[in-house]
**Q** 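Take a look at this one; I'll ask things after.
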Amino acid sequence: MGTSAEIIAIGAELLLGDNTDTNSTWLSRRLVELGVTVVRHTSVGDGIDDMATAMEEALARADVVLTTGGLGPTQDDLTRVALARVAGVPLVRDHATLAEIEAYFASRNRQMSPSNAQQADIPEGGRWLTRVGSAPGLALEVGDGLVVCMPGVPSEMRVMFEQDVVAMLVERGGLATTVTRTVRTSGLSESGIADTLAELVSRVERDGGPTIAFLASRGETRVKVTATATDRPTALTMIDPIVEEVVSLLGRGGTGLDAEGAEHASGRLLLAHGWTLAVAESITGGGVGARLVTVPGASGWFRGGLITYATEVKTMLAGLDPSGLQGTGPVEGTTAEALARAAADRCGADVGLGIVGVAGPDPVDDAPVGTVRVAVVVDGRPAVTNEMRMPGRSRVDIQSFGASGALSVLHTVLRDA
């Protein structure tokens, strides 16, 4: 029987909505990769009774309980106290760890507050995890279960998990490895991809092999192929033939694997043609350029861009005729085309991309909120324009979807050039 786990995120800031619990999402992903079954996520405040109850209930259901948060130096950082209560053991001060914490502050020329000393307290019988910041993580066997407490700071938590917790899980045994490969797409709908892959999905389900799932997120559909085996190489031998078939069936609609999206595929096409790219952005405020520069080697094909958010800046930076920017002019397709040409001309690029639109809160004349218009010009040829409508979405979503849509249009144009 496999190992089961529950994750408890601790902190009033999570319940108040001040912070988003990204730790539980990350931990779930890693635990699944290790073959651990995650049975529940729980968020609790800083009250010791609530924390202790959450731990007790989780231990009754799962083999391993992972907590994040509540290990700092303030009065509401009571995770270690709650764990000691659940285990029925006292807290003891580890003077060697206290010396390490003092040295941590001294190395940064910072004065340690006396309250930081409580971070050296550990439930009797517990063991420390690798310390990354000032808050040491800890682990304690409670009955047949294991409780692991890590800081809420994501970067610190992740180091502790990889360096210490993975080994603890392996020691407990019963682990498998779950591996997922993701095929990224551009310009393809979720339903269209499902139709294209329907026969493959049916065959894989019939044969009992890897699973195939579709994930539509922010203007892009991803095909996820997952398999569980005793180790990663074995899982990959199960996955890779399916991934190759998915890529073949999707043809030019596929952009890459795993982290490689439309920006990566566009970069490869630009290099293949020997072209460079520049962008002019209004609605996305630099979001397209930010995505492009995440691609390794982008300096070989990305020249730069213009952020022309205000209407008058479209004239100042891009040289657009102010008479054409009246009424709906700033969000027209013709404006996107003019920006694309201006970007290519002023940045000395072969390809220009322009994007305009309405993020809200109010429409622009006859253009409703959620309207996005994109234009791509290649080597002075006639422009390719595209309009997207995303009604009922938030401002941030419209901008994010707009950037994804613009990159999808760019990839399609370059692919067909």
Side-chain angles (χ1 to χ4, degrees), residues 6-16 18-19 21-24 26-27 42-59 64-143 145-165 167-168:
E6 288 202 18
I7 301 168
I8 302 174
I10 296 170
E13 67 278 6
L14 301 176
L15 301 182
L16 293 172
D18 293 333
N19 285 351
D21 175 24
T22 60
N23 286 332
S24 295
W26 186 90
L27 282 169
T42 302
S43 294
V44 298
D46 300 312
I48 188 169
D49 292 336
D50 291 334
M51 285 188 271
T53 299
M55 290 181 191
E56 289 171 347
E57 292 177 349
L59 282 166
V64 178
V65 178
L66 305 174
T67 77
T68 60
L71 295 177
T74 60
Q75 294 90 338
D76 58 354
D77 289 314
L78 298 172
T79 299
R80 60 180 69 80
V81 180
L83 177 56
R85 175 191 291 186
V86 170
V89 298
L91 279 174
V92 294
R93 179 149 299 179
D94 182 347
H95 293 285
T97 298
L98 178 58
E100 289 181 4
I101 296 172
E102 291 171 340
Y104 170 85
F105 280 92
S107 68
R108 287 158 176 77
N109 293 318
R110 293 168 56 194
Q111 182 68 37
M112 190 186 94
S113 170
S115 62
N116 283 100
Q118 75 180 32
Q119 294 177 295
D121 293 342
I122 188 169
E124 188 175 64
R127 51 177 163 164
W128 296 114
L129 305 183
T130 299
R131 187 175 54 78
V132 181
S134 65
L138 57 99
L140 180 67
E141 299 279 350
V142 182
L146 171 68
V147 180
V148 179
C149 302
M150 296 172 286
V153 179
S155 59
E156 297 179 11
M157 180 275 295
R158 294 177 186 184
V159 171
M160 291 183 188
F161 182 86
E162 298 295 354
Q163 292 192 6
D164 296 326
V165 182
M168 293 179 188

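The chain is numbered in sequence order, starting from 1. From a predicted model like this one, the values you see are computed outputs, not experimental measurements.
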**Q** Side-chain donor-acceptor pairs under 3.5 Å in residues 71-78, sequence neighbours left out?
**A**
residue, atom, partner, partner atom, Å
Thr74, OG1, Asp76, OD1, 2.5
Thr74, OG1, Asp77, OD2, 2.7
Asp77, OD2, Gly72, N, 3.4
Asp77, OD2, Thr74, N, 3.0

**Q** Run Gln163 and Val132 through side chain to side chain contact (heavy atoms under 4.5 Å, CB included) and show every step you take.
**A** CA-CA 11 Å; Gln163 292 192 6; Val132 181; over 6 Å; no
**Q** Where is the tightest heavy-atom contact between Met160 and Arg131, given as atom of each residue plus distance?
**A**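 Smallest interatomic distance, heavy atoms only, reads CE-CA, 4.3 Å.
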**Q** Go through it in stages, so that I can follow the logic: the residues are Gln119 and Arg80, the test is side chain to side chain contact (heavy atoms under 4.5 Å, CB included), and I'd like the CA-CA distance, side-chain angles, deciding distance and then a yes or no.
**A** CA-CA 9 Å; Gln119 294 177 295; Arg80 60 180 69 80; 3.9 Å; yes
**Q** Of all heavy-atom pairs between Met112 and Ala117, which one has the smallest distance, and what is that distance?
**A**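 The answer is CE-N, 4.3 Å.
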**Q** Dump the intermediate steps for side chain to side chain contact (heavy atoms under 4.5 Å, CB included) on Leu129 and Met168, then the final yes or no.
**A** CA-CA 11 Å; Leu129 305 183; Met168 293 179 188; 3.2 Å; yes
**Q** Report the C-alpha separation of Val65 and Val142 in whole Å, then their side-chain angles, then the decisive distance to 0.1 Å, and conclude whether the side chain to side chain contact (heavy atoms under 4.5 Å, CB included) test is met.
**A** CA-CA 10 Å; Val65 178; Val142 182; over 6 Å; no
**Q** Which residues satisfy the side-chain contact (heavy atoms from CB on, under 4.5 Å) test with Ser155, sequence neighbours excluded?
**A**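 Partners of Ser155 under the side-chain contact (heavy atoms from CB on, under 4.5 Å) test: Val153.
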**Q** Using a 3.5 Å cut-off and no angle test, enumerate the donor-acceptor pairs between side-chain atoms of residues 84-106 and protein atoms at least two apart in sequence or in another chain.
**A**
residue, atom, partner, partner atom, Å
Arg85, NH1, Asp49, OD1, 2.7
Arg93, NE, Asp121, OD1, 2.7
Arg93, NH2, Asp121, OD1, 3.3
Arg93, NH2, Asp121, OD2, 3.1
Asp94, OD1, Ala96, N, 3.1
Asp94, OD1, Thr97, N, 3.4
Asp94, OD2, Thr97, OG1, 3.0
Asp94, OD2, Trp128, NE1, 2.7
Thr97, OG1, Trp128, NE1, 2.9

**Q** For Thr130, does its backbone N or O pair with a side-chain atom of Asp164 as donor and acceptor, under 3.5 Å?
**A**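 Yes, the answer is positive, given that a donor and an acceptor are paired below the 3.5 Å cut-off.
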**Q** If I take atom CE from residue Met55 and atom CG from residue Leu140, how far apart are they, to the nearest 0.5 angstrom?
**A**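 If we round to the nearest 0.5 Å, Met55:CE and Leu140:CG are 10.0 Å apart.
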**Q** Just jot down the side-chain contact (heavy atoms from CB on, under 4.5 Å) partners of Asp18, sequence neighbours excluded, or say none.
**A**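 Asp18: side-chain contact (heavy atoms from CB on, under 4.5 Å) contacts with Glu13, Leu16.
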**Q** Suppose we screen for salt bridge (Lys or Arg N to Asp or Glu O under 4.0 Å). Which residues come up paired with Glu124, at least two apart in sequence or across chains?
**A**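 Salt bridge (Lys or Arg N to Asp or Glu O under 4.0 Å) check on Glu124 returns nothing, list empty.
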**Q** By the definition side chain to side chain contact (heavy atoms under 4.5 Å, CB included), identify the one residue from Val147, Thr67, Ile48 that meets it with Thr79.
**A**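 For Thr79, the side chain to side chain contact (heavy atoms under 4.5 Å, CB included) test succeeds with only one of Val147, Thr67, Ile48, which is Thr67.
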**Q** How far apart are the closest heavy atoms of Ala139 and Leu146, and which atoms are they?
**A**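 The pair with the smallest heavy-atom distance is CB-CD1, 4.3 Å.
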**Q** For residues Val44 and Ala54, report the shortest heavy-atom separation together with the two atoms involved.
**A**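 Minimum heavy-atom contact is CG1-CB, 3.8 Å.
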**Q** What residues, two or more places apart in sequence or in another chain, satisfy side-chain contact (heavy atoms from CB on, under 4.5 Å) together with Ser43?
**A**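 So Ser43 forms a side-chain contact (heavy atoms from CB on, under 4.5 Å) with Ala9, Leu15, Asp21.
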**Q** Please find the pair of heavy atoms, one from Pro154 and one from Thr22, that lie closest to each other, and give the distance.
**A**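 Closest pair (atom of Pro154, atom of Thr22, distance): CG-OG1, 4.2 Å.
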**Q** Any side-chain heavy-atom pair from Asn23 and Ile7 closer than 4.5 angstrom?
**A**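 They are not in side-chain contact.
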**Q** Should Thr68 and Leu27 count as side-chain neighbours, where that means a heavy-atom distance under 4.5 Å?
**A**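 Answer yes - side chains close enough.
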